[in-house]
There are 2 protein chains.
Amino acid sequence: MKTRQQAPIGRPRGFDADEALERAMRVFWEQGYEGASLTDLTSAMGITRTSMYAAFGNKEELFRKALERYTEGPAGYADRAMREPTARQVATAFLHGAVRANTRPGCPAGCLGVQGSLAAGEPGRNARDALIAWRNEGTARLGARFRRAVDEGDLPPDTDPAVLARYLMTVANGIAVQAASGATQEELKQVADMALRNWPPT
Amino acid sequence: MKTRQQAPIGRPRGFDADEALERAMRVFWEQGYEGASLTDLTSAMGITRTSMYAAFGNKEELFRKALERYTEGPAGYADRAMREPTARQVATAFLHGAVRANTRPGCPAGCLGVQGSLAAGEPGRNARDALIAWRNEGTARLGARFRRAVDEGDLPPDTDPAVLARYLMTVANGIAVQAASGATQEELKQVADMALRNWPPT
DNA sequence: CCTCTTCAGTACCGATCGGTTCAGAAGTGC
DNA sequence: GCACTTCTGAACCGATCGGTACTGAAGAGG
């Protein structure tokens, strides 16, 4: 069999799909799912509606792909935090990463996973539900990480890892709202440090 | 001069404006400003578009009035918390009130002041900015309350009341996001209690 | 009863929504 | 060069958006 991994028959795409997705992600991040019209999106992506539909499916799928890109890009701090050696370091890296990602100059303030769609009308329900799942998955992964920390003796044995995870995610979500309200990086850094002050002793 | 405080010339209004506003508030709370169409709103209010425009102005003013009603109704816990005698009691009442208000059965989950409009397109900017101002005013009032507490010796003199206020508002905002994600009242109560654990000693 | 004012409902406004169709241009493999 | 495939752009789709104009009906004051 011929493994034609690089056989793009026909006219090749005239734009950088990665770059276009990055632009779309920004628009969703800034205006939310419902607030971002196809005109907003495609004009920011520099392509026409037809090209967008051919490359990404429809608005909903474009949003999903933008969210994936967001997860691995601006929200990549979460994955990195999870790999820190101790629970305390995980928590610190997670919150500090959230503060930085939510107040990065040149990027929209806040978190796509929060303000992308928190409440929505009927046509935006799927996007909203996708974000709910996204956030809850993050909480679950934090919980799993802290459960391991309890098992390893890195956290007191009477610690409830699920509560710890939800507490951390709650503060991160709050930081996202605060960033969207105009809070500065310094202000939120202080908030994060205060939230970490009552972390259980190792 | 004739003080005609009760002289409704012409045909009186055929619906209860208060009840209608309550219904509108619920729709905004559940679907957000952009996600709530005039059709959604008026059909929930039980009146026609014409009556709505005559009674409330337009969609934006209706939203503002719904927000006022929300402030004095479901979000009334904030004002009540501010009147607690000690800073610790203020903080406790504030967070516990937020948990209860964000997970009240029969009401939409979450907080109108957060999910009403966090990110929006051009036509929803005014509503979004109104909510930003609403949240920041809450933070400022918490800050003023804690500044008083420092003056009264109720908080250590080296305490920064603004940081304390922003910390509390951040946790409350996070609780709103978590409630919108499906977190239960019990789960959020645990989060609130954990957030209160590192409160400065009186 | 008559007049006046405001009500309520419908039909309608231009604009925009997300999504599609179609014609033609453009690049690739033979 | 030819056949084939896919891209691009614009025109267009029905539906819905927020907001109005207009027509009568209905209550209040004289």
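Remember, it's a predicted structure, so these values are computed and weren't measured experimentally. Residue numbers start from 1 in every chain, and the chains themselves are labelled A, B, ... in the order their sequence lines are given, proteins ahead of strands.
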Exercise. Between CZ of B/Arg135 and CE of B/Met169, what distance do you get to the nearest 0.5 Å?
Worked result: 9.0 Å
Exercise. When every nucleotide of nucleotides 7-18 of chain D is labelled 5' to 3' by its protein contacts under 4.0 Å (heavy atoms), B for base, S for sugar-phosphate only, - for none, what sequence of letters results?
Worked result: BBBB------SB
For this session: Start with the C-alpha gap between A/Thr170 and A/Asn173, add the side-chain angles, then the distance that decides, and say whether side chain to side chain donor-acceptor pair (under 3.5 Å) holds.
Result: CA-CA 5 Å; A/Thr170 301; A/Asn173 291 159; 5.6 Å; no
Exercise. How would you list all residue pairs meeting salt bridge (Lys or Arg N to Asp or Glu O under 4.0 Å) that involve residues 159-176 of chain A, not counting sequence neighbours?
Worked result: A/Arg166-B/Glu187
Problem set entry | Aromatic contact, B/Phe146 with B/Trp199 (centres under 6.0 Å) | yes
Problem set entry | Identified salt bridge (charged side-chain N to carboxylate O under 4.0 Å, His left out) partner of A/Glu61 from the options A/Lys65, A/Lys59, A/Arg64 | A/Lys65
